[in-house]
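Shown next, in structure tokens, is the structure this report addresses.
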Amino acid sequence: MTEFDPAPEPSATERRWQQGEDTFSRVYDVAMGITSPIPAAKIADIADCSPNTAKKHLDRLVDMGIVSVSRDGRPMQYERNEGYLEWQDASRIADELTVEEIINRVGELEEERAKYEDEFDATDPTTVSVYDDDSHETIHDRMAAVSEWRGIIRDIRLYELARQLAENDGHLIPA
Amino acid sequence: MKPDPADSNSGSPGPPDRQTLQLLDRNLRTEALIVETEFDPDTYEPRLLHALVDAGQYPETVVATRVDIRWFTTGDFSFHYVETHQDDSRWECRWDRHPNPHNARLHFHQPPTAVEATDLSLSSRHPLDVYSTVLDAIEGRIQSLWED
């Protein structure tokens with residue numbers, strides 16, 4: 001058997017995720033996967049379009065509030081707008097779950113959080129040592145656990161926002 | 001300031017990256033190779049994304065295959081590919097990025113057991129490019145199984 005290649009060269013010029021997608025969708029998708037600010041030219045590289053086209057679509061996404069731009073540096077740097085996307089996630093939860101379901105779920109998450117606090121004998125997951133262990137497997141397990149723990153703390157806040165939205169009929173501020 | 005996990009083995013993994021996991025889910029659902037995707041624990045709290053690979057595209061000795069995906073807000077990730085065979089044996093491997101004292105931050109756990117790790121290099125670490133590379137590699141694996 002031929003040896004398994006974990007990083008084969010793509011056989012087509014288009015990466016598989018790009019197939020059947022128009023330029024705007026590609027720029028949008030690339031922006032959604034970006035967690036730290038990068039220039040339009042780099043986004044264009046990944047989305048396989050010209051820098052000018054990427055910039056045009058990114059500026060539209062900025063107008064829509066989905067992407068944020070920092071104008072301090074040259075060139076301008078783009079990244080997804082976490083605040084907007086969190087609000088969108090909270091809105092969907094508020095829309096699809098009842099206030100009671102949200103409160104119950106927060107109760108379950110608080111219990112999960114308490115379990116992690118016991119397991120690692122700490123209240124702040126960022127103080128736990130994760131990567132120093134000799135066993136690679138242990139590092140994986142600890143990494144997944146500490147990440148979930150941090151996710152739980154964040155999701156409790158997300159559900160709190162969702163509860164406020166649900167109680168105010170979808171509005172952030174009571175009418 | 002917190003220490004940068006890119007520079008040392010201290011620091012902490014970020015929480016699951018909700019937006020990236022949702023993005024990967026949307027894209028994976030358009031793949032002919034993937035029959036089903038599922039979030040663990042659910043779509044409201046995406047922590048782990050399971051993608052079920054179409055076992056019908058494999059020789060009949062392979063009964064089930066899946067990819068388990070984690071993506072962290074720190075840009076680290078784990079793509080764990082698992083094949084289950086008729087004789088209950090597993091063939092698995094893992095594309096990983098995280099700090100550790102043994103390998104490069106970006107590394108690959110070799111099949112068939114996914115224990116031994118070797119350094120890995122990718123032209124792009126964007127989640128869409130990483131998932132494309134992983135699926136290309138799985139297609140290569142399916143092809144070599146048929147040629148056996």
Side-chain angles (χ1 to χ4, degrees), chain A residues 1-11 15-21 26 29-30 32-36 45-47 80 82 85-86 89 92-93 96-97 105 109 125-134 136-137 139-140 142-144 146-155 158-159 162, chain B residues 2 5 9-20 22-24 26-27 30-31 44-45 47-48 70 72-76 78 93 95-96 98-103 108-111 115 117 120-124 126-129 131-137 139-141 144-145 147-148:
Chain A
M1 191 192 303
T2 48
E3 205 180 320
F4 182 75
D5 182 359
E9 282 300 313
S11 49
R15 303 300 317 259
R16 59 192 307 139
W17 70 266
Q18 296 171 341
Q19 287 161 17
E21 296 276 340
R26 294 204 304 276
D29 273 5
V30 171
M32 287 302 102
I34 285 172
T35 47
S36 54
D45 250 8
I46 305 169
R80 67 183 187 207
E82 294 289 354
L85 295 165
E86 276 163 19
D89 281 345
R92 187 172 68 93
I93 293 169
E96 294 176 7
L97 300 184
R105 186 59 196 143
L109 286 174
T126 64
T127 62
V128 172
S129 147
V130 175
Y131 300 115
D132 300 326
D133 205 274
D134 278 342
H136 209 114
E137 272 316 298
I139 291 175
H140 274 278
R142 289 175 78 87
M143 188 180 175
V146 171
S147 168
E148 291 203 356
W149 184 7
R150 291 188 67 176
I152 284 164
I153 294 169
R154 180 199 53 192
D155 287 348
L158 188 69
Y159 278 108
Chain B
K2 279 190 222 112
N9 288 337
S10 58
S12 173
D17 186 335
R18 302 175 60 91
Q19 306 306 332
T20 293
Q22 286 165 0
L23 170 70
L24 290 174
R26 280 203 305 278
N27 277 270
T30 68
E31 288 283 345
Y44 304 112
E45 292 157 48
R47 295 180 199 170
L48 178 59
R70 287 185 190 274
F72 307 93
T73 56
T74 36
D76 288 330
S78 172
C93 59
W95 292 257
D96 277 349
H98 62 83
N100 71 89
H102 322 284
N103 292 98
F108 177 67
H109 290 265
Q110 296 283 352
V115 172
L120 177 69
S121 132
L122 294 174
S123 53
S124 162
H126 191 279
L128 293 168
D129 287 331
Y131 116 72
S132 293
T133 300
V134 169
L135 285 202
D136 286 348
E139 278 185 346
R141 163 68 179 164
S144 74
L145 277 169
E147 284 163 2
D148 246 9

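All chains are named by letter (A, B, ...) in the order of the sequence lines, taking the proteins before the strands, and each is independently numbered beginning at 1.
At a 4.5 Å heavy-atom cutoff, the contact between B/Asp136 and chain A is made by backbone and side-chain atoms alike. Of the two parts of A/Asp155, only the side chain, counted from C-beta on, holds a non-hydrogen atom closer than 4.5 Å to a non-hydrogen atom of chain B. Only the side chain of A/Ile139 comes within contact range of chain B, judged by heavy atoms closer than 4.5 Å. Only the backbone of A/Asp133 comes within less than 4.5 Å of a heavy atom in chain B; its side chain stays farther off. Using a 4.5 Å cut-off between heavy atoms, B/Leu128 touches chain A through backbone and side chain atoms alike. Heavy atoms of B/Phe72 lying under 4.5 Å from chain A belong exclusively to its side chain. Looking at B/Leu23, only its side chain comes within 4.5 Å of chain A, counting heavy atoms on both sides. Heavy-atom distances place no part of A/Gln19 under 4.5 Å from chain B, backbone and side chain included. For A/Ile153, no part lies under 4.5 angstrom from a heavy atom of chain B. Using a 4.5 Å cut-off between heavy atoms, A/Pro125 contacts chain B through its backbone alone, with no side-chain atom that close. With a threshold of 4.5 angstrom between heavy atoms, B/Pro111 approaches chain A through side-chain atoms but not through N, CA, C or O. With a threshold of 4.5 angstrom between heavy atoms, A/Arg154 approaches chain B through side-chain atoms but not through N, CA, C or O.
With sequence neighbours left out, A/Gln18 forms a side-chain contact (heavy atoms from CB on, under 4.5 Å) with A/Glu14, A/Arg15, A/Arg26, A/Asp48. B/His126 is linked by a ring pair (Phe, Tyr, Trp, His ring centres under 6.0 Å) to nothing, counting only residues two or more places apart in sequence or in another chain.
Here B/Arg47 contributes atom CZ and A/Glu148 contributes atom CD; the two are 5.0 Å apart, rounded to the nearest 0.5 Å. Note that OG of B/Ser144 and CD of A/Glu3 are 11.0 Å apart. Values are rounded to the nearest 0.5 Å. We find the CH2-OG distance between A/Trp149 and B/Ser12 to be 9.0 Å, quoted to the nearest 0.5 Å. One finds the OG1 atom of B/Thr30 at 11.5 Å from the CH2 atom of A/Trp17 (value rounded to the nearest 0.5 Å). Atoms CG and CG, on A/Asp134 and B/Asn100 in that order, are 11.0 Å from each other to the nearest 0.5 Å. Rounding to the nearest 0.5 angstrom, the gap separating the CG atom in B/Asp96 from the CE atom in A/Met143 is 8.0 Å.
Side-chain atoms of A/Ser147 never come within 3.5 Å of backbone atoms of B/Pro13 as a donor-acceptor pair (strictly under, hydrogens ignored).
Among the candidates A/Glu86, A/Arg92, A/Met32, A/Glu9, the residue making the largest number of heavy-atom pairs closer than 4.5 Å to chain B is A/Arg92. Each of B/Leu120, B/Leu48, B/Thr73, B/Leu135 has some count of heavy-atom pairs under 4.5 Å with chain A, and the biggest count is that of B/Leu135. Your options are B/Leu24, B/Thr20, B/Leu122, and the one with the most heavy-atom pairs under 4.5 Å with chain A is B/Thr20. The candidate with the highest count of non-hydrogen atom pairs below 4.5 Å against chain B, out of A/Thr127, A/Leu109, A/Asp5, is A/Leu109. Interface check for chain A: of the options B/Gln110, B/Gln22, B/His109, the most heavy-atom pairs under 4.5 Å are formed by B/His109. The residue among A/Gly33, A/Pro10, A/Gly151 with the most heavy atom pairs within less than 4.5 Å of chain B is A/Gly33. Between chain B and the residues A/Ile46, A/Thr35, A/Val146, A/Val128, the most heavy-atom pairs under 4.5 angstrom are made by A/Ile46. Contact tally against chain B (heavy-atom pairs below 4.5 Å) for A/Arg142, A/Glu82, A/Arg105: the top residue is A/Arg105. Counting heavy-atom pairs closer than 4.5 Å to chain A, the top residue among B/Ser124, B/Ala117, B/Cys93, B/Gly14 is B/Gly14.
Closest non-hydrogen pair, A/Tyr131 versus B/Pro101, comes out as O-CD, 3.3 Å. The two atoms that bring A/Ala7 and B/Thr133 nearest to each other are CA-CG2, 3.7 Å, heavy atoms only.
Salt bridge absent: A/Arg16 and B/Asp129 never bring a charged side-chain N and a carboxylate O closer than 4.0 Å.
Side-chain contact check for A/Asp89 versus B/Gln19: some heavy-atom pair is nearer than 4.5 Å. Looking at A/Glu137 and B/Val115, their side chains never come closer than 4.5 Å, going by heavy atoms from C-beta outward.
Using a 30° and 60° split on the angle between ring planes, A/His140 and B/His98 fall in the perpendicular class, above 60°.
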